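Computed from a predicted structure; not experimentally measured. Here is the naming used below: chain letters follow the sequence lines, and residue numbers restart at 1 for every chain.
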Protein chains: 2
Amino acid sequence: MSTRSDRISADERREQILDAAIAVFGEFGYAGTSTDRVARAAGISQPYVVRLFGTKEQLFIETLRHTLERLLATFRAALPVDAEEASVEQRLGEAYLRLVEDRGVLLTLLHGFMLGSDPGIGPVARDGFLQVFRMLRDEAGLAPEQIHRFLADGMLINTLLATGIGVDAATDRDAADLMECTFGERVGEVLARASA
Amino acid sequence: MSTRSDRISADERREQILDAAIAVFGEFGYAGTSTDRVARAAGISQPYVVRLFGTKEQLFIETLRHTLERLLATFRAALPVDAEEASVEQRLGEAYLRLVEDRGVLLTLLHGFMLGSDPGIGPVARDGFLQVFRMLRDEAGLAPEQIHRFLADGMLINTLLATGIGVDAATDRDAADLMECTFGERVGEVLARASA
DNA sequence: CCATCTTGTAATCATTCGATTACTTCATCC
DNA sequence: GGATGAAGTAATCGAATGATTACAAGATGG
């Protein structure tokens with residue numbers, strides 16, 4: 001209804017825009033997203049988006065940073081404080097799966113990584129990736145080979161979710177096999193989430 | 001010089017365009033690439049590109065198919081015929097590394113995978129991925145867990161190359177550590193190629 | 001109560017892009 | 001040797017897009 005004024009502080013508005021931008025950039029990529037789409041997703045006008053962020057590139061950079069912060073925060077929240085039931089890797093893995101259920105988060109990260117050669121975006125993407133690496137090494141205490149496996153599995157998961165092969169698994173036998181040999185016994189859980 | 005006519009059969013021209021398109025789509029992505037850029041990279045005019053492929057989307061789809069065929073052909077060429085020195089996985093891995101030295105090939109594949117939700121492109125990307133899977137399973141004879149590892153490592157390699165973290169490794173200690181724990185003893189070889 | 005600042009929009013502009021049309025040039029075949 | 005078709009381009013068009021400008025409306029403080 002918006003009975004009264006829809007006015008909000010600029011800071012709150014920026015947060016709203018960033019949340020909307022994660023979804024839109026994730027779906028259409030950096031070049032494929034117009035500032036007008038983001039504006040409409042956030043429920044405001046296009047010129048205001050430009051004024052709050054200066055440039056489409058700046059908007060994407062801040063969106064990418066925002067997403068990376070969410071990723072790091074999710075991992076940190078999954079780290080054990082004292083007694084534990086599951087291994088650190090298992091906990092991190094499950095936290096990651098929950099996070100990337102949000103297709104926007106998943107795909108915004110991937111789009112960022114693929115713009116490595118862009119002079120403005122590349123450094124932000126690389127820095128974010130390195131932050132994750134340091135966190136796994138220094139805070140989670142994983143050994144090099146554990147880090148390798150964790151990151152590699154994560155990237156394969158990303159690709160399978162991004163392509164949408166999980167959806168094919170319902171009808172295509174090979175797709176089901178592929179999902180099975182990637183996710184093992186957890187395949188049912190993943191497919192249930194992917195189709196949701 | 002082009003002393004005489006630069007005329008070429010339409011089929012040959014299509015191949016030229018596809019080769020140029022791999023590089024351009026790889027660098028700028030699907031939405032970020034104009035048909036005019038592809039045309040100029042191929043040395044012809046923009047309307048001719050459109051006429052030969054009908055649509056930018058069709059051009060991308062055929063470029064993606066072309067790239068996937070190159071990937072499959074590279075893998076098949078690396079499969080052993082009879083006696084062998086290295087394991088199948090090692091051979092495939094090395095063949096893959098050589099192929100994705102071409103940034104265009106690498107990134108065109110990744111861009112394709114990330115457009116999984118696009119109704120025209122998504123099916124092509126999924127089908128290509130499944131073809132690779134079937135090849136590893138049926139022709140290379142890899143076990144499920146081997147396939148899992150192979151694909152996961154491949155995807156991590158893709159991401160590291162796409163972000164360009166390898167270039168940072170020369171100056172950033174953590175980036176060097178990350179490359180080390182991913183590529184192990186082969187790190188020197190990869191870095192040499194990445195900077196080339 | 002009015003001056004000032006903040007939040008926000010409508011209108012508009014210059015580019016860019018994908019696609020179409022009309023045309024030219026070369027080859028080929030009867 | 002002219003007709004037919006293929007190879008290729010220049011010119012152009014309409015739509016979309018990022019950005020700017022000018023302006024409206026609500027808050028805030030003295």
Side-chain angles (χ1 to χ4, degrees), chain A residues 1-21 23-64 108 111 115 118-121, chain B residues 1-21 23-64 108 111 115 118-121:
Chain A
M1 276 307 167
S2 75
T3 53
R4 296 284 303 156
S5 160
D6 288 343
R7 282 178 145 222
I8 280 180
S9 82
D11 282 345
E12 279 182 88
R13 197 59 93 182
R14 285 174 64 95
E15 293 297 316
Q16 281 187 1
I17 296 175
L18 287 177
D19 284 340
V24 181
F25 278 127
E27 186 169 359
F28 302 101
Y30 171 60
T33 294
S34 69
T35 55
D36 187 62
R37 274 192 115 101
V38 175
R40 266 199 286 257
I44 58 173
S45 70
Q46 180 262 347
Y48 197 33
V49 170
V50 174
R51 201 165 75 181
L52 286 182
F53 290 89
T55 280
K56 179 183 166 184
E57 186 182 35
Q58 271 303 313
L59 170 62
F60 183 76
I61 287 175
E62 296 202 32
T63 304
L64 184 56
T108 296
H111 280 296
L115 294 172
D118 182 283
I121 298 167
Chain B
M1 275 308 169
S2 73
T3 53
R4 297 284 302 155
S5 159
D6 288 343
R7 281 176 147 224
I8 280 180
S9 83
D11 282 345
E12 279 183 89
R13 198 57 96 181
R14 285 173 65 94
E15 293 296 316
Q16 281 187 0
I17 295 175
L18 287 177
D19 284 340
V24 181
F25 277 128
E27 185 169 0
F28 302 102
Y30 172 59
T33 293
S34 68
T35 54
D36 187 62
R37 275 193 114 101
V38 175
R40 267 199 287 255
I44 58 172
S45 71
Q46 180 262 346
Y48 196 32
V49 170
V50 174
R51 202 166 74 182
L52 285 183
F53 290 89
T55 279
K56 178 183 164 183
E57 186 182 37
Q58 271 303 313
L59 171 62
F60 183 77
I61 287 175
E62 296 202 33
T63 304
L64 184 56
T108 296
H111 280 295
L115 294 171
D118 181 283
I121 298 166

Item to complete: Using whole Å, report how far CD1 of B/Ile8 lies from C1' of C/dT25.
Response: 16 Å
Protein-nucleotides 4-6 of chain C N/O pairs closer than 3.5 Å?
residue : atom : partner : partner atom : Å
C/dT6   : O2   : A/Arg7  : NH2          : 3.1

Return a table of donor-acceptor pairs under 3.5 angstrom between the side chains of residues 11-19 of chain A and protein atoms on other chains or two or more places apart.
residue : atom : partner : partner atom : Å
A/Arg13 : NH1  : A/Gln16 : OE1          : 2.7
A/Arg13 : NH2  : A/Asp6  : O            : 3.0
A/Arg14 : NH1  : A/Leu52 : O            : 2.7
A/Arg14 : NH2  : A/Glu62 : OE1          : 2.6
A/Arg14 : NH2  : A/Glu62 : OE2          : 3.3
A/Glu15 : OE1  : A/His66 : NE2          : 3.4

Worksheet item: When rounded to the nearest 0.5 angstrom, what is the spacing between CD1 in B/Ile61 and CG in B/Asp118?
Response: 7.0 Å
Worksheet entry | Residues in ring-ring contact (aromatic ring centres under 6.0 Å, His included) contact with A/Phe60, at least two apart in sequence or another chain | A/Phe25, A/Tyr30
Practice prompt. Grab the CG-P distance between B/Leu52 and D/dA7 for me, whole Å please.
Written response: 8 Å
Discussion item. Just the rounded figure in Å: distance from P of D/dA7 to CZ of B/Arg14.
Written reply: 11 Å
Discussion item. So if I take the C1' atoms of five pairs at each end of the helix from C/dC1-D/dG30 to C/dC30-D/dG1 and get each local axis, what angle do the two axes make, rounded to 10 degrees?
Written reply: 0°
Worksheet item: Restricting to pairs with a member in residues 41-57 of chain A, which pass side-chain hydrogen bond (donor to acceptor under 3.5 Å, both in side chains), not counting sequence neighbours?
Response: A/Thr35-A/Gln46
Worksheet item: Looking at B/Thr63 and B/Ala21, what are the two nearest heavy atoms and their distance?
Response: OG1-CB, 3.5 Å
Worksheet item: If every non-hydrogen atom of A/Thr108 is compared with every non-hydrogen atom of A/Leu64, which pair is closest and at what distance?
Response: O-CD1, 3.9 Å
Kindly list each side-chain donor-acceptor pair under 3.5 angstrom involving residues 36-44 of chain A, sequence neighbours excluded, with atom names and distances?
residue : atom : partner : partner atom : Å
A/Asp36 : OD2  : A/Arg40 : NH1          : 3.2
A/Asp36 : OD2  : A/Arg40 : NH2          : 2.6

Worksheet, complete the sentence: Once base and sugar-phosphate atoms are separated, protein heavy atoms under 4.0 Å mark nucleotides 9-22 of chain D, 5' to 3', with B, S and - as BBB-----SBBB--
